[in-house]
There are 2 protein chains.
Amino acid sequence: MTDDGQRIRIDARRNRDRIVEAARELFTRHGLSVSTNEVARHAGVGIATVLRRFPTRDDLVGAVFLPKMAGYRHAMSAALAEPDPWHGFSQFLETVCGMQVADLGFTEVLIRTFPTARALESQRDEVAADFGRLIARAQSAGRLRPDFAHQDLVVILMANAGVVAASGPAAEAASRRLVGHLLRSFAVASHGHSLPALPSPPSRTAMYLAMLRLRPAPPKPATRR
Amino acid sequence: MTDDGQRIRIDARRNRDRIVEAARELFTRHGLSVSTNEVARHAGVGIATVLRRFPTRDDLVGAVFLPKMAGYRHAMSAALAEPDPWHGFSQFLETVCGMQVADLGFTEVLIRTFPTARALESQRDEVAADFGRLIARAQSAGRLRPDFAHQDLVVILMANAGVVAASGPAAEAASRRLVGHLLRSFAVASHGHSLPALPSPPSRTAMYLAMLRLRPAPPKPATRR
DNA sequence: GGATAACCGGATAAGGCGCTCCAGATGGTG
DNA sequence: CACCATCTGGAGCGCCTTATCCGGTTATCC
């Protein structure tokens, strides 16, 4: 997905890079719903140029998020390298949910599939497979509840995506809080080990403002009412 | 919001009801993003009729979801009436998250505010106030963790909204699973009381299909490459 | 059974979207 | 250095959105 046809003119290559860079910024800030028009405008190229280089939305998404997906894989490697199985497990969830907080587009990428973006999906599959090992390790060590299931990862990512999308500026605090709650639920209560204190919740006013903020942006110049 | 001007012609009244009914169906199935056009079409009235009766989107949302909001309030009353404080608490969360599963529009209503829809907001405020009592009661009984905060309700609703929106047909199972996890986290581990088994997770294929499903619907007849 | 105010809904304006097409600019190569 | 394939940007199409305007219809009151 990075580059397939070797025979690409260098000006085309430069434009391609500018498009990907613009798309990354916009996706990160506003999510995947950003229009192709806007990507083109922001990149300083014509609409057709974007469409020619990335005929499908998935092509663009794939090109933009491949590096982030590599980061996802890397988080898993780091988790498996962690000597303490529970630490590895909890650290993985915290890291990944943190990645969602930091990037609205990636938040969506993690809870959808993009069947045509093979490179992206193969990375995701690897992480999914390793997640099984991460679970098994923590469960064997008696630190993770036996009824924690592989599918719970997606449920967690979807839940966190909801928090991230809905709570705007308070996303950081809200997400940490959610993950804190969940980790308490997943951990086996044991005598030797005590869980860290719950991250403090977002302030009430922050949550209220988040609920207020959450409405579709009005078009540029409108009489409004 | 139900009806303010008494002097409304009965044909106008009938149209109003048809609009609200159509909007309820569409909002429930597809969320609040349904266009006014579509509501009008589905109700069998002109666009102008909808706009005249409900000048603001919030007016329509308010009219549509006032009954559901009453149901929300009722769920809280029932929870407070429950003799066992923990039962009341957990039952409330289960009920409300179940309401989100059953109604995509209401899912969004619960995580936004609609400042102009006073009737709606006053109900929400009442529930919010009572939620404080619900918490206090369960904490006094030593069944709810002391660090559970009032703000956590909104975080939970946002998380559940994410699961509901993202998991489509698997929403029921995924949501129950999430709530099950969370309740385990909120409960004080005690000798006398044992928590119920975790609801079983959605199947892996169901979650995969959900991730596949989650893409913007293509327009009616398109070449679609 | 009229008169009249309220009400209706389609047409229309103004904008955005994805997407295609094509005349012209430009890079790489013989 | 000249040629041609490659690449470009924007105009144009068809469809959507929200919101307003206005000629015709209809319920209600006298």
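The chains referred to below are lettered A, B, ... by the order of the sequence lines, with proteins before strands, and numbering in each begins at 1.
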Checklist entry - With under 30° as parallel and over 60° as perpendicular, where do the rings of A/F92 and A/F131 fit, or are they tilted in between? => result tilted
Next on the checklist: Rounding to an integer number of Å, can you tell me how far A/N37 CG sits from D/dC16 P?
Outcome noted: 18 Å
Item to check | Closest listed nucleotide, where the reference is the side chain of B/R41 and the choices are D/dT17, D/dA27, C/dC17 | outcome: D/dT17
Checklist entry - Checking salt bridge (charged side-chain N to carboxylate O under 4.0 Å, His left out) for the pair B/E121/B/R124: CA distance, chi angles, key distance, verdict? => result CA-CA 5 Å; B/E121 293 305 322; B/R124 192 208 303 279; 3.0 Å; yes
Tabulated below should be each protein N or O lying under 3.5 Å from an N or O of nucleotides 9-12 of chain C; please produce it.
| unit_1 | atom_1 | unit_2 | atom_2 | d |
| --- | --- | --- | --- | --- |
| C/dG9 | OP2 | B/G46 | N | 3.1 |
| C/dG9 | OP2 | B/T49 | OG1 | 2.7 |
| C/dG9 | N7 | B/R52 | NH2 | 3.4 |

Checklist entry - Base, sugar-phosphate, or nothing for B/R14, non-hydrogen atoms under 4.0 angstrom? => result nothing
Checklist entry - Just how far, in rounded Å, is P of C/dC17 from CG of A/L26? => result 12 Å
Checklist entry - Do you know the tightest heavy-atom contact between A/E82 and A/G88? => result CG-N, 3.6 Å
Next on the checklist: One pair to check against side chain to side chain contact (heavy atoms under 4.5 Å, CB included): A/L110 and A/Y72. What are the steps and the verdict?
Outcome noted: CA-CA 9 Å; A/L110 283 186; A/Y72 184 51; 3.9 Å; yes
Checklist entry - A/T49 and A/N15: side-chain donor and acceptor closer than 3.5 Å? => result no
Item to check | Heavy-atom neighbours of B/R176 CZ exceed 12 at 6.0 Å | outcome: no
Item to check | Distance, rounded to the nearest Å, where A/L60 contributes CG and C/dC19 contributes P | outcome: 12 Å
Next on the checklist: Can you measure A/D11 atom CG to D/dC7 atom P for me and round it to whole angstrom units?
Outcome noted: 8 Å
Checklist outcome for this item: All heavy atoms of B/P67 vs all of B/V64, minimum pair found to be CD-O, 3.4 Å
Next on the checklist: Nearest whole Å is fine: how far is D/dT6 P from A/R13 CZ?
Outcome noted: 18 Å
Item to check | For atom CZ of B/R57 and atom C1' of D/dT17, their distance in whole Å | outcome: 11 Å
Please tabulate the protein-to-nucleotide N/O contacts below 3.5 Å involving nucleotides 1-5 of chain D, giving atom names and distances.
none

Item to check | Distance, rounded to the nearest Å, where B/R16 contributes CZ and C/dA6 contributes C1' | outcome: 17 Å
Checklist entry - Nearest of C/dG18, C/dG27, D/dT18 to any side-chain atom of A/I10? => result C/dG27
Checklist entry - Roughly how many Å is it from CZ in B/F54 to P in C/dC7, rounded to a whole number? => result 13 Å
Checklist entry - Can you tell me if the side-chain N/O atoms of A/R53 get under 4.0 Å from OP1 or OP2 in D/dT8? => result yes
Item to check | Identified side-chain hydrogen bond (donor to acceptor under 3.5 Å, both in side chains) counterpart of B/D103 within the set B/R29, B/K68, B/R24 | outcome: B/K68
Item to check | Parallel, tilted or perpendicular, as decided by the 30° and 60° cut-offs, for the rings of B/H181 and A/F148 | outcome: tilted
